[in-house]
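All remarks here apply to the structure that follows.
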Amino acid sequence: MAPSAPSAPGSRITAPRERLLRLPEVEQRTGLKKSSIYAGMRSGTFPRCVTIGHRAVAWPESLIDTWIASRLSPPGVMQ
């Protein structure tokens with residue numbers, strides 16, 4: 001096996017960043033309103049938000065996409 005070529009100075013491989021969605025975009029993507037989103041979080045049927053600031057929360061895009069996909073799949077079939 002050939003030796004690896006040295007990396008260029010300052011270069012690094014980074015994983016794709018998780019996009020965080022604020023409430024208006026979560027509402028738009030899911031078709032739910034704020035009260036339904038928070039009720040779903042309380043009951044465990046909707047992804048929980050993460051705190052991103054003193055008075056700011058957001059939802060990881062991958063969790064929202066997974067939640068949407070689970071609603072689109074036939075009953076009893078998880079993707």
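Note that the coordinates shown come from a computational prediction; the quantities given were computed from them, not determined experimentally.
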Cluster link Val50 to Met41, ILVMFWY, side chain under 4.5 Å: no
For Arg22 and Ala56, which heavy atoms make the closest approach, and how far apart are they? NH2-CB, 3.8 Å
Nearest heavy-atom approach of Thr51 to Gly53 is CG2-O, 3.1 Å
Heavy-atom check, side chain of Trp59 versus side chain of Phe46, under 4.5 Å: yes
Once you round to the nearest 0.5 Å, how far does CG of Leu63 lie from CG of Leu21? 9.5 Å
Hey, are the side chains of Arg19 and Glu25 touching, using non-hydrogen atoms and a 4.5 Å cut-off? yes
Glu27 versus Ile37: any side-chain heavy-atom pair under 4.5 Å? yes
Are the side chains of Thr30 and Arg71 in contact, using a 4.5 Å heavy-atom criterion? no
Is Leu20 close to Ile52 at the side-chain level, that is, under 4.5 Å between some pair of heavy atoms? yes
Are the side chains of Ser62 and Glu18 in contact, using a 4.5 Å heavy-atom criterion? yes
